[in-house]
Every structure is written in structure tokens, then in C-alpha cells.
Amino acid sequence: MKLKLPEAMSLAFAEAEAAGLRGEVPVGAVVTDRAGAVLATAGNRTLELNDPTAHAELLAIRQAAKKLGTERLIGCDLHVTLEPCAMCAAAASFARIRRLYFAAADEKMGAVEHGVRFFTQATCHHAPEVYGGLGEERAKVLLRDFFKARR
């Protein structure tokens, strides 16, 4: 029997798929509040916005902060289809994200379990609880197929 992904991660995958259809790297993110209510959803938009910082995580964090009227997302969780890069890990830390859930590890650009391991650094003021591998195979296939089609 196959277990269903939690709703927030399913929404993140929907955002990732939509990003891929727009020609963006297929990464999606969702921010939920303490009760699990969705505050924001986003997919990568770096090409569309001509903005190298328009990663799904940053867009979702910005939306959630605007909706709540505060830069601190205390008690909120971030669900993303790919291990965040250093920029996105830093944003999650600055926003005081409670928990970070991600699907696929990113050995090349990831900064949570790979690379700089941002949350383990002495200079990191806030580290969320981290849970990786949720929907990992689905995320790997989505990314592999996206890049295969471009080669």
C-alpha cells in the first residue's frame, strides 16, 4: 500500500510541476501555519521575473510574511520539493521557520544536508527541525525528466 504525501507536500509538487511547464527548474514550496493551514505556495520563477533570487522557497516565505504582516514566521513550516540552497536555507533561518520538510536531496547545490550545511554553522541563529526524503523519488524523476528534455 502506498501512503499519500501530506497535503502541503502535494501542493509543493503541483507548484514544481507548474514551474517545469513554464520552463523553470521544477521546484515548488509551501508555507503552512502551526495548524497546517496553507499560507503561501510558489514555484520557481527566476526566468519569468529575471530574478536569480526568485526561488520557490523565497517566494513562498515572502508571501507568507506579507499575509501575516511580519518578517518572523514563528511556528510555520516550509515544505519544498528539493533541498534548499544556501540562500533559501538562510531565508528559512531568518524567517524562524519551525520545520523544514524537503523531498529530494541536492548533492550539488543543497545547503542543509550537503555543502555548507547551513543550519549546523555557529553563525546560524535559528535552525528549524529538518525532515528530508518526503516524496524523494517523485522529486528526482521530475528533475531528471526536466533536465533530460533540455539536453
Side-chain angles (χ1 to χ4, degrees), residues 1-22 24-46 48-49 51-107 109-143 146:
M1 178 166 81
K2 211 171 188 182
L3 297 175
K4 287 187 174 182
L5 285 175
E7 183 182 352
M9 190 58 84
S10 293
L11 289 173
F13 273 108
E15 287 288 343
E17 290 164 359
L21 291 174
R22 292 190 306 270
E24 302 276 1
V25 175
V27 176
V30 173
V31 175
T32 58
D33 68 13
R34 185 177 300 276
V38 174
L39 296 173
T41 64
N44 276 355
R45 292 187 179 277
T46 60
E48 177 186 335
L49 299 176
D51 180 354
T53 70
H55 289 197
E57 301 96 318
L58 285 177
L59 296 173
I61 287 170
R62 288 174 185 155
Q63 285 177 33
K66 185 173 183 175
K67 184 172 188 173
L68 295 176
T70 179
E71 80 281 12
R72 301 278 191 241
L73 302 179
I74 295 168
C76 294
D77 299 336
L78 176 62
H79 311 259
V80 62
T81 59
L82 185 64
E83 177 183 355
C85 69
M87 175 180 67
C88 294
S93 177
F94 295 152
R96 303 299 193 263
I97 291 292
R98 177 180 64 162
R99 294 184 185 123
L100 166 66
Y101 299 92
F102 69 88
D106 185 351
E107 294 177 13
M109 292 298 296
V112 176
E113 293 183 348
H114 297 87
V116 299
R117 299 175 195 255
F118 187 87
F119 301 129
T120 66
Q121 301 303 312
T123 55
C124 178
H125 296 292
H126 170 78
E129 295 174 30
V130 175
Y131 303 92
L134 188 61
E136 181 175 23
E137 192 57 35
R138 181 177 175 186
K140 284 181 177 180
V141 168
L142 186 62
L143 288 160
F146 174 81

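Nothing here was measured: the structure is a model prediction, and the numbers come from that model.
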**Student:** List in chain and number order the residues that pass side chain to side chain contact (heavy atoms under 4.5 Å, CB included) with Ala103, two or more places apart in sequence or in another chain; answer none if no residue qualifies.
**Tutor:**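 So Ala103 forms a side chain to side chain contact (heavy atoms under 4.5 Å, CB included) with Phe13, Ala139.
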**Student:** Please name the pair of heavy atoms, one in Pro84 and one in Ala89, separated by the smallest distance, quoted to 0.1 Å.
**Tutor:** CB-N, 4.0 Å
**Student:** With heavy-atom distances below 4.5 Å as the criterion, would you say the side chains of Cys88 and Val80 are in contact?
**Tutor:** no
**Student:** Apply side-chain contact (heavy atoms from CB on, under 4.5 Å) to residues Asp106 and His114 and explain how you reach the verdict.
**Tutor:** CA-CA 7 Å; Asp106 185 351; His114 297 87; 5.8 Å; no
**Student:** Looking only at heavy atoms, what is the nearest atom pair of Ala111 and Ala86, with distance?
**Tutor:** CB-N, 3.3 Å
**Student:** Rounded to the nearest 0.5 Å, what separation is found between the CG atom of Leu73 and the NZ atom of Lys67?
**Tutor:** 12.0 Å
**Student:** Of the non-hydrogen atoms in Glu57 and Leu82, which two are nearest, and what is the gap between them?
**Tutor:** OE2-O, 4.0 Å
**Student:** Which atoms form the tightest heavy-atom contact between His125 and Arg96, and what is the distance?
**Tutor:**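 Smallest interatomic distance, heavy atoms only, reads CB-NH2, 4.5 Å.
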**Student:** Is the backbone of Asn44 close enough, under 3.5 Å, to the side chain of Arg22 for a donor and an acceptor to pair up by distance?
**Tutor:**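 The answer is yes, because a donor-acceptor pair under 3.5 Å joins these two groups.
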**Student:** With rounding to the nearest 0.5 Å, note down the distance linking NE2 in His79 to CD1 in Ile97.
**Tutor:** 9.0 Å
**Student:** Looking only at atom types and distance, does a side-chain atom of Glu15 sit under 3.5 Å from a main-chain N or O of Val30, one as donor and one as acceptor?
**Tutor:**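 Looks like no, no N/O pair under 3.5 Å.
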**Student:** Heavy-atom distance under 4.5 Å between the side chains of Val31 and Gln63, does that happen here?
**Tutor:** no
**Student:** Please find the pair of heavy atoms, one from Tyr101 and one from Met9, that lie closest to each other, and give the distance.
**Tutor:**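 That would be O-CE, 3.8 Å.
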**Student:** How long is the straight-line distance from CG of Leu21 back to CZ of Phe146, given to the nearest 0.5 Å?
**Tutor:** 10.0 Å
**Student:** Of the non-hydrogen atoms in Ala19 and Pro26, which two are nearest, and what is the gap between them?
**Tutor:**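 Reported closest heavy-atom pair: CB-CA, 4.2 Å.
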**Student:** Mind checking the CD1-CZ spacing from Ile61 to Phe94? Nearest 0.5 Å is all I need.
**Tutor:**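 Output value for this atom pair is 11.0 Å.
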**Student:** In Å and rounded to the nearest 0.5 Å, what is the CD to CD distance from Glu107 to Glu113?
**Tutor:**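 The distance works out to 10.5 Å.
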**Student:** Determine whether Leu142 and Glu17 make a side-chain contact, defined as any pair of heavy atoms from C-beta on separated by less than 4.5 Å.
**Tutor:**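 When only atoms from C-beta onward are counted, Glu17 and Leu142 do touch, with a gap below 4.5 Å.
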**Student:** Mind checking salt bridge (Lys or Arg N to Asp or Glu O under 4.0 Å) for Lys140 and listing every partner two or more places apart, or none if nothing turns up?
**Tutor:**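 Residues passing salt bridge (Lys or Arg N to Asp or Glu O under 4.0 Å) with Lys140: Glu136.
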**Student:** Check each of Asp77, Leu78, Thr32 against Arg98 using the side-chain contact (heavy atoms from CB on, under 4.5 Å) test, and report the only one that passes.
**Tutor:** Asp77
**Student:** Val25 and Leu143: side-chain contact (heavy atoms from CB on, under 4.5 Å), yes or no, with the steps?
**Tutor:** CA-CA 7 Å; Val25 175; Leu143 288 160; 4.0 Å; yes
**Student:** Return the CG to OG1 distance between Leu58 and Thr46, rounded to the nearest 0.5 Å.
**Tutor:**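 If we round to the nearest 0.5 Å, Leu58:CG and Thr46:OG1 are 11.5 Å apart.
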**Student:** Are side-chain heavy atoms of Ser93 and His126 found at a separation under 4.5 Å?
**Tutor:** yes
**Student:** If you count heavy atoms of other groups shown closer than 6.0 angstrom to CD of Gln121, is the number above 12?
**Tutor:** yes
